[in-house]
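This report refers to the structure that appears directly beneath it.
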Protein chains: 2
Amino acid sequence: MALDDSRKSEDRFQEMLDKLKSLDFRITPQRLAVLRILAASEDHPSAEQIFEKVRAEFPTTSLGTIYKTIVLLKGLNEVLELGFPDGRNRYDGIKPFPHPHVICTKCGKIMDPELMGLDELEEEVSKKTGFIIQNHRLDFFGMCKECQDAT
Amino acid sequence: MALDDSRKSEDRFQEMLDKLKSLDFRITPQRLAVLRILAASEDHPSAEQIFEKVRAEFPTTSLGTIYKTIVLLKGLNEVLELGFPDGRNRYDGIKPFPHPHVICTKCGKIMDPELMGLDELEEEVSKKTGFIIQNHRLDFFGMCKECQDAT
DNA sequence: GTAATTGCAAATGGTTTGCAGCATC
DNA sequence: GATGCTGCAAACCATTTGCAATTAC
């Protein structure tokens, strides 16, 4: 991880921690571990993956606590849940707002491409349908460079 | 339903039926019922909703058979599955290819807005990430006109 | 001290699976 | 008549829930 990334991760961790403190939620070692991992994970980890990492530094933690912490952070808009119908949900604590994703259907890698023009699309949809749009989700599915080369 | 819609629905039904026949799948009353309902449903029904409608005309049908038929049609690219992480999946047998959806978070209504420029977006993503894109999913979430007025 | 949080275990629920009997071709 | 399909019931499995014990404040 580059110095710049490590700096961003720390900032993001502090941001989430401040939010929890300001709302009088209790700061437990388990929650701190989840925050630290979410702030440092560029790879959109699953609940299970977060669990394994938390366990490494705090072995008594249970999976239920991971889920409860995620629910809490979702409610505070501090983590973005990428729900998938096969039940393998993934989480993004770095950019906890809607943004497009590119997902490798072979290895499961998830990346964030930078795309313009989504806000305009949202406005177009609103005009054409009369909906008040609150949220969106845009996923592209395909095969990543590494998996292509591995063929 | 307008005459035009009823005509389209019949065409679509025939299209799916022909596909099943050409591939030597057996034509059962249950399958015919599912095809007819999918071809006529603009509202992106759930498996349960398809089940209820099939049951109305063919009471011994089981939910398992509905799911098996859906799996079959998915494999033939004759139905689009809109999977949701809460397990309430919805199906589109009329336009069985990726297209954007607008979803009412209050009443569950799903509409198809006509949007341009998605193919270009797909190409942009491919260039920027090196992925070969095979598929995509674009959902907008919000509140429909009727639910706004009901407030 | 007390109210929130944890850890454990059981429940949830849409979908999938296995299999015996039945219907299609 | 052989094979594929149906109906039933059990299994699946990530997530949620209930509750007694523990911990942050």
Side-chain angles (χ1 to χ4, degrees), chain A residues 16-35 37-38 44-76 78-91 108, chain B residues 16-35 37-38 44-76 78-91 108:
Chain A
M16 292 193 275
L17 182 53
D18 289 347
K19 176 97 127 206
L20 288 188
K21 281 184 177 169
S22 74
L23 295 171
D24 283 330
F25 289 104
R26 296 201 176 161
I27 308 307
T28 65
Q30 294 90 334
R31 282 181 176 169
L32 284 173
V34 172
L35 293 194
I37 287 157
L38 280 175
H44 308 77
S46 65
E48 192 76 37
Q49 287 170 327
I50 297 169
F51 176 51
E52 295 304 338
K53 287 190 185 176
V54 172
R55 248 196 175 168
E57 47 177 310
F58 206 82
T60 70
T61 311
S62 73
L63 189 53
T65 295
I66 304 295
Y67 277 111
K68 282 167 186 162
T69 305
I70 289 172
V71 168
L72 173 63
L73 292 172
K74 273 197 293 178
L76 303 176
E78 292 296 327
V79 71
L80 179 71
E81 182 177 58
L82 290 180
F84 293 99
D86 67 353
R88 298 157 175 270
N89 296 356
R90 307 271 293 260
Y91 298 91
Chain B
M16 292 193 275
L17 182 53
D18 288 346
K19 176 96 124 202
L20 288 188
K21 281 183 176 169
S22 74
L23 294 170
D24 283 330
F25 290 104
R26 294 197 178 162
I27 308 306
T28 66
Q30 295 88 336
R31 281 183 177 168
L32 284 174
V34 173
L35 294 194
I37 287 157
L38 281 175
H44 308 77
S46 65
E48 193 76 37
Q49 287 169 328
I50 298 169
F51 176 52
E52 295 303 339
K53 288 190 185 177
V54 172
R55 250 197 173 167
E57 48 177 311
F58 206 82
T60 70
T61 312
S62 72
L63 189 52
T65 294
I66 304 295
Y67 277 112
K68 281 167 186 163
T69 304
I70 289 172
V71 168
L72 173 63
L73 293 172
K74 274 197 294 178
L76 302 177
E78 292 296 329
V79 72
L80 178 70
E81 183 177 59
L82 291 180
F84 294 98
D86 67 354
R88 297 158 176 270
N89 296 357
R90 307 270 294 259
Y91 299 91

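Remember, it's a predicted structure, so these values are computed and weren't measured experimentally. Per chain, numbering begins at 1; letters A, B, ... match sequence-line order.
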- [ ] Can you sort out the partners of A/E48 under salt bridge (Lys or Arg N to Asp or Glu O under 4.0 Å), two or more places apart, ordered by chain and number?
- [x] none
Task: Within-4.5 Å side-chain heavy-atom neighbours: A/V34 and A/T65 - done: no
- [ ] Mind checking A/S46 for me? I need base, sugar-phosphate or nothing, with any heavy atom below 4.0 Å counting as a touch.
- [x] nothing
What nitrogen or oxygen pairs link the protein and nucleotides 22-25 of chain D at under 3.5 Å?
{"residue": "D/dA24", "atom": "N3", "partner": "A/R26", "partner atom": "NH1", "Å": "3.1"}
{"residue": "D/dC25", "atom": "OP1", "partner": "A/I27", "partner atom": "N", "Å": "3.1"}

Open item on the list: D/dG7, OP1 or OP2 - any side-chain N/O from B/Q30 closer than 4.0 Å?
Closed with: yes
Task: Donor-acceptor pair, side chain of B/R90 and main chain of B/G108, under 3.5 angstrom - done: yes
Open item on the list: Enumerate the salt bridge (charged side-chain N to carboxylate O under 4.0 Å, His left out) contacts for residues 23-34 of chain B, please, sequence neighbours excluded, ordered by first and then second residue.
Closed with: none
Open item on the list: Rounded to whole Å, how long is the line connecting atom CD1 of B/I66 with atom P of C/dT16?
Closed with: 13 Å
Task: Contact summary for B/V54 and B/A33, nearest pair of heavy atoms - done: CG1-CB, 3.9 Å
Task: Check: A/Y91 and A/E81 side chains under 4.5 Å, non-hydrogen atoms - done: yes
- [ ] Scan B/K53, B/R55, B/Q49 and name whichever one has a side chain to side chain contact (heavy atoms under 4.5 Å, CB included) with B/F51.
- [x] B/R55
- [ ] Please state how far atom CG in B/L63 lies from atom P in D/dC8, giving the value in whole angstrom units.
- [x] 11 Å
Could you pull out the protein-nucleic contacts involving nucleotides 9-14 of chain C (nitrogen or oxygen on both sides, under 3.5 Å)?
{"residue": "C/dG14", "atom": "O3'", "partner": "B/G87", "partner atom": "O", "Å": "2.2"}

Open item on the list: Is there a side-chain contact between A/T69 and A/Q30 in this structure, where contact means two heavy atoms from C-beta onward sitting under 4.5 Å apart?
Closed with: no
Open item on the list: How many whole angstroms separate atom CZ of A/R31 from atom C1' of C/dT6?
Closed with: 9 Å
Open item on the list: Without decimals, in angstroms, what is the distance between A/I70 CD1 and C/dT5 C1'?
Closed with: 16 Å
Open item on the list: When you measure from the side-chain N and O atoms of A/T65 to the phosphate of C/dG7, is any distance below 4.0 Å, counting only OP1 and OP2?
Closed with: yes
Task: Gap separating the CG atom of B/D18 from the CG atom of B/L23, nearest 0.5 angstrom - done: 10.5 Å
Could you pull out the protein-nucleic contacts involving nucleotides 18-22 of chain C (nitrogen or oxygen on both sides, under 3.5 Å)?
{"residue": "C/dG18", "atom": "O6", "partner": "B/K68", "partner atom": "NZ", "Å": "3.0"}

Task: Rounded distance (Å) that lies between atom C1' of D/dA14 and atom CZ of B/F84 - done: 19 Å
Task: Heavy-atom pair with the smallest gap, counting every atom of A/L63 and A/A47 - done: CD1-O, 4.2 Å
TODO: Work out which heavy atom in B/F58 is nearest to a heavy atom in B/P29; give both atom names and the distance.
DONE: CE1-CB, 3.5 Å
TODO: Grab the CG-C1' distance between B/L17 and C/dT24 for me, whole Å please.
DONE: 14 Å
Task: Euclidean distance, A/L72 CG relative to A/K19 NZ, rounded to 0.5 Å - done: 10.5 Å
TODO: Give the rounded distance in Å between these two atoms: CG of A/L73 and P of C/dT5.
DONE: 12 Å
TODO: Please list, by residue number, the residues of residues 49-57 of chain A whose heavy atoms come closer than 4.0 Å to an atom of DNA chain D; answer none if no residue qualifies.
DONE: none
- [ ] Could you check if a side-chain atom of A/K74 sits within less than 4.5 angstrom of a side-chain atom of A/I70, using non-hydrogen atoms only?
- [x] yes
